[in-house]
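What follows is a single structure, written as structure tokens, with notes after it.
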There are 2 protein chains.
Amino acid sequence: MARWEPNARERLERAALDLFVERGYESTTAAEIAERAGLAKSTFFRHFADKREVLFGSQDRLNGVFAEAITGAPGTAAPIEALGAALEAVATFFGRERHAWAHRRRAVVESSADLRERELLKLAALTAAMAGALRGRGVPDPAASLAAELGCLAFRNAYARWAEPANEREFADLARQELADLAAATATLTTGA
Amino acid sequence: MARWEPNARERLERAALDLFVERGYESTTAAEIAERAGLAKSTFFRHFADKREVLFGSQDRLNGVFAEAITGAPGTAAPIEALGAALEAVATFFGRERHAWAHRRRAVVESSADLRERELLKLAALTAAMAGALRGRGVPDPAASLAAELGCLAFRNAYARWAEPANEREFADLARQELADLAAATATLTTGA
DNA sequence: TACGTGATGAGACTTGGTCCCATCAGTGCT
DNA sequence: AGCACTGATGGGACCAAGTCTCATCACGTA
């Protein structure tokens, strides 16, 4: 609804990332974030359930996109193909204009055990969403969970590579490759070394 | 080295689980746990990095066992076979005498978002340990990570089924079955539905 | 007996997070 | 204009997690 200075939530997210980069996550106080955003500490916690969440707003939005893309894939598509379609669909989230932001954010997340832990929770939610969508397509359960795990791994790897500062390639490109590599690797799992 | 009343750590773990079952995780204070164990709050945090950790002491000990079993598997064993050996090795942790405890603990973990989040961290550490051990066997990296993910999934599923109150089957048995089911499911991932 | 060591107790302190209540901006209605 | 209503905010009290420091106590040893 946006009154007063609008976009309180976005201002908080920006202030938080800036402060985390400057001073580190642990040495930054929720009150300081709010202050830099021109808000009060109580307002911070009205917008975010806890201090960690301020870095994960976008991650939440991914789940729905993933699930819908999986559900909307052609009925004849194999699980892996549906995952591929979902990775394509989600690539719109990772345009070049967000690359610098993504890299800064990623560096912060890597720097704190609390934040890495929260990221695992988000990825688990993503995996669950993908598994649910696959089951909705009629994929039975050990396969659906396994495929979701594989899709999540492909996403994680592709995102990590995309967010690297020196990276020039597009997300869809990287994701396709990661998924293909993983699919190929499944064949080697039952082969003696 | 255990002076005064010995086994402070174990007393804290027991007191914590009992209180969590009685009053719930969130409504139990670290000071209350310490008090029931006959200790002070500061002593609690000397033994455990935070309130969540008091439930995860045993989980930490698993990683080493898993990694060693993978490393020690016959050199000709395929990744899946090495994982199977590791699941067998770890079965000694899950004797019938720990079944009631495991079930109580599991119910508490499921009841709290904080605890589920911490469990994901522990499982991620387990996955990383398994992947590292597989790489040490010469398994190249997309396959090693994927196999570790698969092994972790098998472990999670097997543990969940083993810890159910009505369960009578042995962990090794359940784990073997989960792993076999997952291995079979890999074949279906590239097949249209 | 005196000393050193390691585990503990006690309590101050910071911060994350909750809650309540007053306040203020904008909307719509009269 | 004047009014009530709604929703976002500010402020501050409050609780619990977690850190830190210092004194203390039990035990082994010289």
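Proteins come first, then strands; the chains are lettered A, B, ... in the order of their sequence lines, and each starts at number 1. Computed from a predicted structure; not experimentally measured.
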Exercise. Can you figure out which of D:dG10, D:dG18, C:dG16 approaches the side chain of B:K51 most closely?
Key: D:dG18

Self-check item: Check: A:L55 main-chain N/O paired with A:R105 side-chain donor or acceptor under 3.5 Å
Solution: yes

Self-check item: Most 5' of A:S42 and A:A30 on DNA chain C, judged by nearest nucleotide
Solution: A:A30

Exercise. Let me know the distance between CD of B:E26 and C1' of D:dA17, rounded to the nearest Å.
Key: 13 Å

Practice problem: Report which part of the nucleic acid A:R52 touches: base, sugar-phosphate, or nothing (heavy-atom distance under 4.0 Å, all strands). | Solution: sugar-phosphate

Quiz item: For D:dT9, does either OP1 or OP2 sit under 4.0 Å from a side-chain N or O belonging to A:H47?
Solution: yes

Exercise. Would you indicate whether the side-chain heavy atoms of A:E149 and A:M130 approach each other to under 4.5 Å?
Key: no

Practice problem: Using a 4.0 Å heavy-atom cut-off across all strands, classify A:S27 as base, sugar-phosphate, or nothing. | Solution: nothing

Practice problem: State whether B:R46 places a side-chain N or O below 4.0 Å from either non-bridging phosphate oxygen (OP1 or OP2) of C:dA10. | Solution: no

Quiz item: Between C:dG16, D:dG18, C:dT8, which nucleotide gets closest to the side-chain atoms of B:L39?
Solution: C:dT8

Quiz item: Which part of the nucleic acid, if any, lies within reach of B:A31 when heavy atoms closer than 4.0 Å are counted: base, sugar-phosphate only, or nothing?
Solution: nothing

Quiz item: In Å, rounded to the nearest 0.5 Å, how long is the span from CD of A:E119 to CZ of A:R156?
Solution: 8.5 Å

